[in-house]
Amino acid sequence: MSEHVMDYALNVAHRLQYGILAVHVDTLPLFRDRGKRSKLFAAAMRESATLFDQKARNTEVVVEHLGELGKISSVVNRLCHSKKRIEFVVIDKDIRLEEVARQSPVPVFPVLATKTGLFNKAIFHNPPKKGVFAMSTSSKKRHFKSCVLFGALTTGLYASVFANQDAVMTYFTKGGLFALLPVATVFAVSYFHGNFTSSFWSALGIEASQKSTAPRVAPEQKVTDAVVAPRPDTRPRVQVNV
């Protein structure tokens, strides 16, 4: 396991007061090499677990280590349903994000490292994806709640106007300061209905495309060499008639 993944996981777990389940997956358990690869994997897992535990002592974060066999996506799916309160998954390098996220019921994030001199810097990387990869579970819940809230407000406002037509016509046509009532009502309907529509489509995972319009570049004008007209010969001449 990469050290920058350990450091990032410990940092996030310490801030959120979470525990860490460090899963080491042997993706080729049936590889025919007389058990040599399995022994190397077990030794590498022990080394990673020892280093991880040493780093965790300074942060007081509880780290549990687990060895698994098979495909990483299947292991993540099984653990998320068998273990309680797994909020998100952080994967190491060389692991395909799309494959794991397709079967994971919780958000999946990779951690990349860039070298600046002698230091490694952990970067939280969330590549933009459409559909199910673009929206976490919390975002869907938030959009759904907003959809229900603004939908109820829009319905209540329409119902109030139609149920009290006489009062609306009486006060909205008085003039003076009462002239602000229809303007305020129109703004309220526009605000409630606009937020309801936006939350409705966002809850379905449909987002507007964000295409940046490239500025038009004026075509370059062709530079043509100016043709200089010949200068007239004004020198005096002698004409001889024979």
Side-chain angles (χ1 to χ4, degrees), residues 8-9 11-20 76-77 80-81 83-91 97-98 100-112 114 121-219:
Y8 180 79
N11 186 19
V12 174
H14 179 67
R15 292 183 179 182
L16 300 178
Q17 297 182 355
Y18 283 177
I20 297 176
V76 170
N77 186 22
C80 288
H81 288 91
K83 296 287 183 177
K84 294 182 179 180
R85 294 186 61 83
I86 294 182
E87 299 292 339
F88 55 89
V89 177
V90 178
I91 58 177
L97 172 64
E98 293 81 4
V100 179
R102 189 176 295 112
Q103 298 191 26
S104 174
V106 297
V108 181
F109 306 111
V111 179
L112 307 180
T114 58
K121 181 180 180 182
I123 300 177
F124 179 78
H125 180 65
N126 188 10
K129 295 289 181 183
K130 294 183 179 180
V132 66
F133 298 109
M135 190 179 300
S136 62
T137 306
S138 59
S139 298
K140 288 185 177 180
K141 290 182 179 179
R142 177 170 56 86
H143 289 305
F144 179 76
K145 291 179 180 179
S146 299
C147 179
V148 174
L149 174 62
F150 287 107
L153 290 174
T154 304
T155 305
L157 187 57
Y158 274 115
S160 300
V161 171
F162 285 108
N164 302 279
Q165 295 184 16
D166 295 336
V168 169
M169 294 299 297
T170 301
Y171 289 101
F172 280 27
T173 58
K174 275 190 174 183
L177 294 178
F178 290 96
L180 297 177
L181 291 177
V183 179
T185 304
V186 170
F187 275 109
V189 171
S190 177
Y191 179 77
F192 293 156
H193 188 269
N195 282 276
F196 164 73
T197 306
S198 176
S199 301
F200 175 77
W201 292 117
S202 297
L204 295 180
I206 301 175
E207 299 289 344
S209 60
Q210 299 176 355
K211 295 182 179 180
S212 58
T213 305
R216 294 184 178 181
V217 180

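Basis for what follows: all heavy atoms, side chains included, without hydrogens, waters or symmetry-related copies. Only a predicted model underlies this, so the values are computations on that prediction, with no experimental measurement involved.
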Tell me, with the steps shown, if Phe88 and Tyr18 meet side chain to side chain contact (heavy atoms under 4.5 Å, CB included).
CA-CA 11 Å; Phe88 55 89; Tyr18 283 177; 4.1 Å; yes
Taking the side chain from Thr155 and the backbone from Gly151, do they hold a donor-acceptor pair closer than 3.5 Å?
yes
What is the distance from atom OG1 of Thr170 to atom CG of Asp166, rounded to the nearest 0.5 Å?
6.5 Å
Indicate the atoms forming the closest heavy-atom contact of Pro182 with Phe178, along with that distance.
CD-O, 3.4 Å
If only atom types and distance count, is the side chain of Thr173 paired as donor or acceptor with the main-chain N or O of Met169 below 3.5 Å?
yes
Considering all heavy atoms, the nearest Pro110-Leu97 contact
CD-CD1, 4.0 Å
Check Ala101 against Val108 and note the closest heavy-atom contact, atom names and distance.
CA-CG2, 4.0 Å
Kindly assign one of parallel, tilted or perpendicular to the pair Phe162 and Tyr158, based on the angle between their ring planes and the thresholds 30° and 60°.
parallel
Heavy atoms of other groups near Leu16 CG, more than 12 under 6.0 Å:
yes
Roughly how far apart are Thr154 OG1 and Phe196 CZ, rounded to 0.5 Å?
7.0 Å
Can you tell me how far apart OG1 (Thr197) and CZ (Phe192) are? Round to the nearest 0.5 Å.
13.5 Å
At what distance, to the nearest 0.5 angstrom, does SG of Cys80 lie from CD of Glu87?
10.5 Å
Nearest 0.5 Å please: distance from the NE2 atom of His193 over to the CZ atom of Phe200.
10.5 Å
Specify whether Tyr191 and Phe150 have parallel, tilted or perpendicular ring planes, treating 30° as the upper limit for parallel and 60° as the lower limit for perpendicular.
perpendicular
